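In this text, all values refer to a predicted model and were calculated from it rather than measured experimentally.
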Amino acid sequence: MKRTIVAVAALAALGLHLTSCKPKDAGSAVSGDAAQKVYVTPGQHDEFYNIVSGGFNGQMSVYGLPSGRMFKIIPVFSTFPENGWGYSEETKPMLNTSHGYIPWDDLHHISLSQTKGEHDGRWAFGNANNTPRVARISLSTFRTDEIIELPNSGGNHSSPFITENTEYVVASTRFSVPPDNDGDMPISSFKKNFKGYISFISVDPQSGHMGIKFQLKMPGISFDLARAGKGKSHGWFFFSCYNTEQASTLLEVNASQKDKDFILAVNWKKAEEYLKQGKGKKVAAKYAHNLYDEKTHSATSTIINEVMTLDPKECPGLVYFMPCPKSPHGCDVDPTGEFIVGSGKLAAVIPVFSFDKIQKAIAGKTYDGEFDGIPVLKYESVLYGEVQKPGLGPLHTEFDGQGNAITSFFVSSELVKWNIKDLKVLDRVPTYYSVGHLSIPGGPTSKPHGKYVVAYNKITKDRYLPTGPELTQSAQLYDISGDKMKLLLDFPTVGEPHYAESIPASLLEKNSKKIFKIEENGHKYAAKGEKEAKVVREGNQVHVYITAIRSHFTPDNIEGVKLGDEVYFHVTNLEQDWDIPHGFAVKGSNNAEILIMPGETQTLKWVPSRVGITPIYCTDFCSALHQEMQGYVRVSAKGSNVPLTFSTGKTAAPEAEKVAKK
Ligand code: RUQ
Ligand code: CUA
């Protein structure tokens with residue numbers, strides 16, 4: 001008894017100590033029913049899929065809400081040892097770029113496809129920040145299906161953002177750069193020669209295939225984030241811009257000079273008209289377009305050599321700047337499409353712009369001069385109002401579908417809820433610590449699903465068991481169904497999540513792919529049954545058509561491989577049952593292990609480095625006899641006359657014995 005009391009007292013003391021270093025009015029205490037609200041009974045499913053960017057790991061991950069349980073990591077712009085992504089011959093082309101093979105990038109933002117402004121559950125899009133690319137991920141296979149590189153860009157941060165019917169995925173450049181085909185010029189010529197390109201990538205409504213329809217050639221400034229108009233503002237796009245000082249060095253000082261930077265408004269329907277009139281100009285460029293084909297289970301990479309560009313200076317009425325205080329970051333559009341929220345990282349207020357007023361100001365030419373030939377609309381003429389004293393360092397805003405907005409504040413480390421109509425602050429809750437993005441299920445759509453908000457925090461410190469200098473990242477789930485936001489749960493995440501989106505499980509669950517049909521397998525080297533298994537030599541290439549089914553490989557004894565050969569194991573998984581992948585590993589292979597889904601073929605390339613017997617085995621625990629799922633490859637010296645043979649289930653074959661005696 002006594003011991004318990006001491007322990008409780010110690011905990012209380014510790015608790016006091018901890019809260020004292022937390023943000024003001026912290027209250028680490030969660031309300032009494034928090035546990036119940038996030039508890040998903042074993043065997044039951046979560047209510048939402050939460051698709052989260054992985055940041056510097058170049059991947060996406062999939063969680064359940066409200067439980068915070070992680071279900072999957074999807075490799076996008078990075079190789080992944082779990083399934084051989086980027087290592088198998090089939091997936092290597094997905095990471096090809098105009099700079100060659102790039103095994104790692106930085107993925108910041110997620111966009112889920114929409115129809116009529118609502119989630120349709122088909123695709124997720126993600127951006128590569130470093131080497132500019134946009135990826136499309138299938139939400140039925142949870143696999144990256146397509147990646148397109150963006151020419152004339154540097155730092156694809158302002159990306160990917162979609163229009164309300166997924167007509168376009170839009171990406172704008174963080175670094176202004178001279179055009180790729182003419183880039184050798186002094187950095188000091190920034191103002192004259194550097195341009196900020198915005199790419200409009202069209203998406204085929206059936207296949208989802210992407211193509212760069214056009215690039216807008218804007219003045220040399222930095223684009224940060226963006227959102228498409230919706231409802232009444234469908235046809236427009238809004239981008240936050242910084243470095244309107246056009247500095248090319250020491251931006252932390254030189255790009256924070258002006259009181260106001262801009263939000264750029266683009267009339268993309270008008271851009272389409274100008275393109276039809278032939279105002280576009282094709283310029284030389286070089287970028288990769290990579291496609292994964294579900295039938296051949298293989299990716300192809302094509303290099304494209306030109307891109308269509310539009311110069312706004314030759315297209316009146318296409319783009320307008322709106323002044324926005326100060327170094328705007330987030331640029332978010334409310335569910336009705338009327339309100340555009342700018343979040344100045346260094347600003348003391350949150351400005352809210354009105355789409356109707358923007359239209360009026362354009363019609364009445366209420367300009368405040370121009371910037372590099374582009375009209376600047378008068379701040380007062382487009383402003384709906386300002387949220388006063390919201391907090392410090394506003395970053396991003398999402399909407400609850402009940403007429404309210406919630407904004408994240410990095411510096412004051414809190415979420416602040418305010419009413420969109422009267423711009424009054426309604427509630428604030430601390431985050432642990434320093435929130436970056438926030439995400440409300442359906443928050444960027446015209447019909448938010450509401451219910452929760454997740455804060456993706458940048459600093460973790462003491463929230464979890466320490467794991468050395470690098471800590472897990474911290475997400476926090478809040479209940480927003482009532483007037484007051486309530487903290488429910490902390491959950492760790494992988495990589496460094498930036499943006500995330502959540503979608504009702506009911507929209508995805510039913511479409512989730514279970515197997516690939518073996519009869520539809522169009523892979524060039526598939527063996528669609530054990531009878532088709534074989535080993536074929538083509539010069540120094542040895543192609544092994546090998547099948548896997550519980551619990552053996554066919555063939556599992558191979559001889560006649562020689563030093564200097566390149567061996568391609570084309571492994572076809574013959575299973576037609578959900579959740580029965582097989583794995584494949586080769587001793588000494590300096591490539592990877594691969595994981596093959598039911599009905600699929602994947603290829604591991606192996607260049608043997610020594611003479612001897614090399615074991616192969618299945619790496620995925622597939623049956624009670626998984627440990628028996630193994631075999632041997634005999635590697636002989638260069639020039640040896642060991643014939644190429646292969647078998648399964650053949651013991652001490654006479655010819656093998658003969659060879660053995662030699
Ligand atoms: S933004 S560091 Cu998504 Cu707030 Cu990128
Ligand atoms: Cu197949 Cu283990």
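- In this structure, CZ in F142 is found 11.0 Å from CD1 in I137, a value given to the nearest 0.5 Å.
- Between L65 and F491 there is a side-chain heavy-atom pair separated by less than 4.5 Å.
- Counting non-hydrogen atoms of other residues, nucleotides and ligands closer than 6.0 Å to CD of Q388 gives a total above 12.
- Ring pair F239/F237 is parallel by interplanar angle, where below 30° counts as parallel and above 60° as perpendicular.
- For the atom pair CD1 of I73 and CH2 of W85, the computed distance is 14.5 Å after rounding to the nearest 0.5 Å.
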| said: Walk me through whether S256 and L346 qualify under side chain to side chain contact (heavy atoms under 4.5 Å, CB included). | reply: CA-CA 9 Å; S256 307; L346 306 175; 4.0 Å; yes

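- S413 and T431 share a donor-acceptor pair across their side chains, judged by distance under 3.5 Å alone.
- Remark: Y464 engages S474 in a side-chain hydrogen bond (donor to acceptor under 3.5 Å, both in side chains) (not counting sequence neighbours).
- We find that E118 and K447 are joined by a salt bridge, their nearest charged nitrogen and carboxylate oxygen being less than 4.0 Å apart.
- Taking 4.0 Å as the cut-off between side-chain N and carboxylate O, E398 and R227 count as a salt-bridged pair.
- Listed for the Y384 side chain is a donor-acceptor partner under 3.5 Å among the backbone atoms of K421.
- Not a single donor-acceptor pair under 3.5 Å links the side chain of T397 to the backbone N or O of T407.
- Evaluation of the side chain to side chain contact (heavy atoms under 4.5 Å, CB included) rule for P81 yields no partner, not counting sequence neighbours.
- The backbone N or O of Y432 sits less than 3.5 Å from a side-chain atom of N457, completing a donor-acceptor pair.
- The structure places OG of S88 at 9.5 Å from CD1 of I596, a figure rounded to the nearest 0.5 Å.
- Among pairs with a residue in residues 394-420, those fulfilling ring pair (Phe, Tyr, Trp, His ring centres under 6.0 Å) read H329-H396, H396-H437, at least two apart in sequence or across chains.
- A donor-acceptor pair is defined here as one N or O able to donate and one able to accept, closer than 3.5 Å; no such pair exists between the side chain of S53 and the backbone of I110.
- Using a 4.5 Å cut-off on side-chain heavy atoms (C-beta onward), I406 and M485 make contact.
- Side chain to side chain, S159 and N156 meet the donor-acceptor criterion of an N or O pair below 3.5 Å.
- Ring pair H498/H109 is perpendicular by interplanar angle, where above 60° counts as perpendicular and below 30° as parallel.
- S78 contributes a side-chain N or O that, together with a main-chain N or O of N57, makes up a donor-acceptor pair within less than 3.5 Å.
- Rounding to the nearest 0.5 angstrom, the gap separating the OG1 atom in T91 from the CZ atom in F80 is 12.5 Å.
- Not counting sequence neighbours, the partners of K345 by the salt bridge (Lys or Arg N to Asp or Glu O under 4.0 Å) test are D224.
- Ring geometry, H157 versus H108: the interplanar angle exceeds 60°, so the pair is classed perpendicular (tilted spans 30 to 60°).
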| task | Before giving the answer on side chain to side chain donor-acceptor pair (under 3.5 Å), spell out for N404 and Q402 the whole-Å C-alpha distance, their side-chain angles and the decisive distance to 0.1 Å. | result | CA-CA 6 Å; N404 305 308; Q402 312 290 325; over 6 Å; no

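- Residues passing the side-chain hydrogen bond (donor to acceptor under 3.5 Å, both in side chains) test with D620: none are found, sequence neighbours excluded.
- With contacts defined as side-chain heavy-atom distances shorter than 4.5 Å, the pair K513/R143 does not qualify.
- Under the rule for a ring pair (Phe, Tyr, Trp, His ring centres under 6.0 Å), Y478 has no partner lying at least two apart in sequence or in another chain.
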